[in-house]
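A short worksheet on the structure shown next.
Order of listing sets the numbers, starting from 1, for every ligand and every atom in it. Position 1 is the first residue of the sequence, and the numbers go up from there.
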Amino acid sequence: MPEPINWPAAVDETVRNLARLIQIDTTNPPGNELPAILAIRELLVASGFPERDITIIEAGANRANLVARLRGSGAARPLLLTGHVDVVPAEREHWSHDPFGGEVAEGCIWGRGALDMKGTAAMYLEAFLLAFRQELPLKRDLILAAIADEEMGFDAGSKLLVDHYRDLIAAEYALNESGGTTVPMGGVRLYPIQVAEKGVCWLRMTAHGTAGHGSMPREDNAVGRLAQALGRLQRAAHLPVHVTPTVRTMLAALSAQLSFPARALVGLLGSPAVASLALGALHGQARSLFTALLTNSVSPTVLAAGSKTNVIPAQASADLDCRLLPGQTPENAMREILAITGPGITLEPLQTTEGAEFPTDTPLYHLLERATRRMDPSGLVVPLLSPGASDAAEYRRAGITVYGFAPGIMPPGFPILELAHGHDERLPLAALETGLPALWEVVSEFCL
Ligand SMILES: [Zn+2]
């Protein structure tokens, strides 16, 4: 019979480990994840975890990934807990605490990565250590992965593992970032669990014309043509609506909780024929969010044309950050864009990745729902399509079903959506106190 878990001690240990990870600057680029990976190895070994079950995969100068395996009986396929340890840059001057200090103040632990996602990686490490110390008779292997290069395209991280070290991470399911954390919306405490994510489809749009002297205006000016095409895209506001299964389920769950008129509006967003009108009735953040959830989105980001004021260039180009809904191809999105811009424009893909969408009728998803509801009985659990890309799409190539699960109750008014990648990123200790037992419930129940 395993000892009952001392939760305050487990939370303290998680905070200490998280502080240590935050203090290691893994800003990507360049990443420099190796010291963080070695710190995790040291923490495992210091707890008595056998070194032979830890693999370090080097991935270039000062970069590495770690995979540790806690063995089960093999009656079921493994569960992978995967956390990236690289972070996006932080501008110190905008922070009220050192972004690489890992300080505990005002009920939070502060620092770049506290939310995205060293905080979750520290929770996964703690759950892994608890399972090891409890000597539970697991029916499946529990695999812990600490991953490099999530913030800059996956090459030195999950992509490397999936392409060259697949045996190490082969699993039936994985838990990853984004899920089970309070997001307040319209008076409801939402707990989105990521089950799908959009793909990347970066495009270069080019307009051609005749080069010439700037003193002789031409109808076929490439810069003007490009501007017209971009203007049409901007006026159209969005590409055609596609309602994916995840978003349909999410909208249905959400509308059941809302009152009129929000309820009617959310209902309309779920029907492709009128969703465009409903999107037009939204404003600000809500409009951005639902446009991202319902369409292959497109944002012009980089312009390039000409080099001299008195020379008309033969071409002008704009880079478009286009994001694909799961199931959509770059060709679909390019066709949709060209239908709006009209002729005289060419599109070429610069970089593309597929989106991913995982089923919600699985034992693990139901367990995630149950554990989240037990954590906050009055919260509403919904499946989430993430507009951004994560390691999940890479793991999908290895046949792994990936859900976002970083549970925790956030204090009222905590601005969680602004903090990941933002200034003053921090994790409330209250979220760890509520989230760690929920994570443990999932890991222990699913592996026993
Ligand atoms: Zn992340």
Side-chain angles (χ1 to χ4, degrees), residues 14 17-18 21-22 24-33 36-37 40 59 63-66 80-90 99-100 102 109-125 144-162 169 174-183 191-200 292 321 323 353 355-356 358 384-396 400 402-408 410 415-427 431-432 435 439:
T14 310
N17 293 344
L18 173 55
L21 290 177
I22 288 172
I24 301 169
D25 183 348
T26 52
T27 301
N28 189 9
N32 285 333
E33 296 93 344
I37 293 300
I40 293 170
R63 311 196 78 173
N65 301 269
L66 173 147
L80 169 67
L81 305 176
T82 178
H84 69 82
V85 297
D86 61 322
V87 296
V88 294
F100 300 101
I109 177 161
W110 297 66
R112 177 56 87 220
L115 294 168
D116 183 12
M117 74 171 280
K118 286 175 172 172
T120 314
M123 288 172 74
Y124 289 171
L125 171 63
L144 178 74
I147 299 295
D149 206 18
E150 193 270 348
E151 300 289 1
M152 284 290 287
F154 321 116
D155 284 355
S158 54
K159 185 170 191 302
L160 175 76
L161 295 187
V162 168
I169 46 125
L175 297 183
N176 183 36
E177 63 191 336
S178 299
T181 312
T182 328
V183 178
Y191 287 89
I193 293 177
Q194 183 177 324
V195 304
E197 67 183 37
K198 294 180 84 173
V200 167
D321 184 350
R323 301 296 175 119
T353 64
F358 302 102
L384 171 74
L385 164 65
S386 166
S390 82
D391 291 316
E394 292 297 323
Y395 290 127
R396 175 176 164 268
I400 305 172
V402 187
Y403 298 124
F405 199 57
M410 294 294 162
I416 183 161
L417 295 179
E418 294 156 33
L419 293 181
H421 294 207
H423 307 316
D424 278 342
E425 183 176 352
R426 59 195 185 272
L427 175 67
L432 280 180
L439 175 65

Closest approach of K118 to V87 (non-hydrogen atoms, all atoms of both residues):
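Shortest heavy-atom contact: CE-CG1, 3.9 Å.
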
Quick one: closest heavy-atom pair of T26 and A36, and the distance?
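That would be CG2-CB, 4.0 Å.
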
Report whether any nitrogen, oxygen or sulfur of E177 sits less than 2.8 Å from the Zn ion (ligand 1) (N, O or S, backbone or side chain).
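It does; at least one qualifying atom falls short of 2.8 Å.
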
At less than 2.8 Å, would any N/O/S atom of E150, backbone or side chain, sit next to the Zn ion (ligand 1)?
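No, outside the cut-off.
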
V183 side chain near L417 side chain, heavy-atom distance below 4.5 Å:
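A side-chain contact exists here, since the closest heavy-atom pair is under 4.5 Å.
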
Check this for me: does any side-chain nitrogen of one of E394 and K159 sit under 4.0 Å from a carboxylate oxygen of the other?
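Result for this pair is no, no salt bridge flagged.
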
Identify, by name, the N, O or S atom of D116 lying closest to the Zn ion (ligand 1).
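In D116, the N, O or S atom with the shortest distance to the Zn ion (ligand 1) is OD1.
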
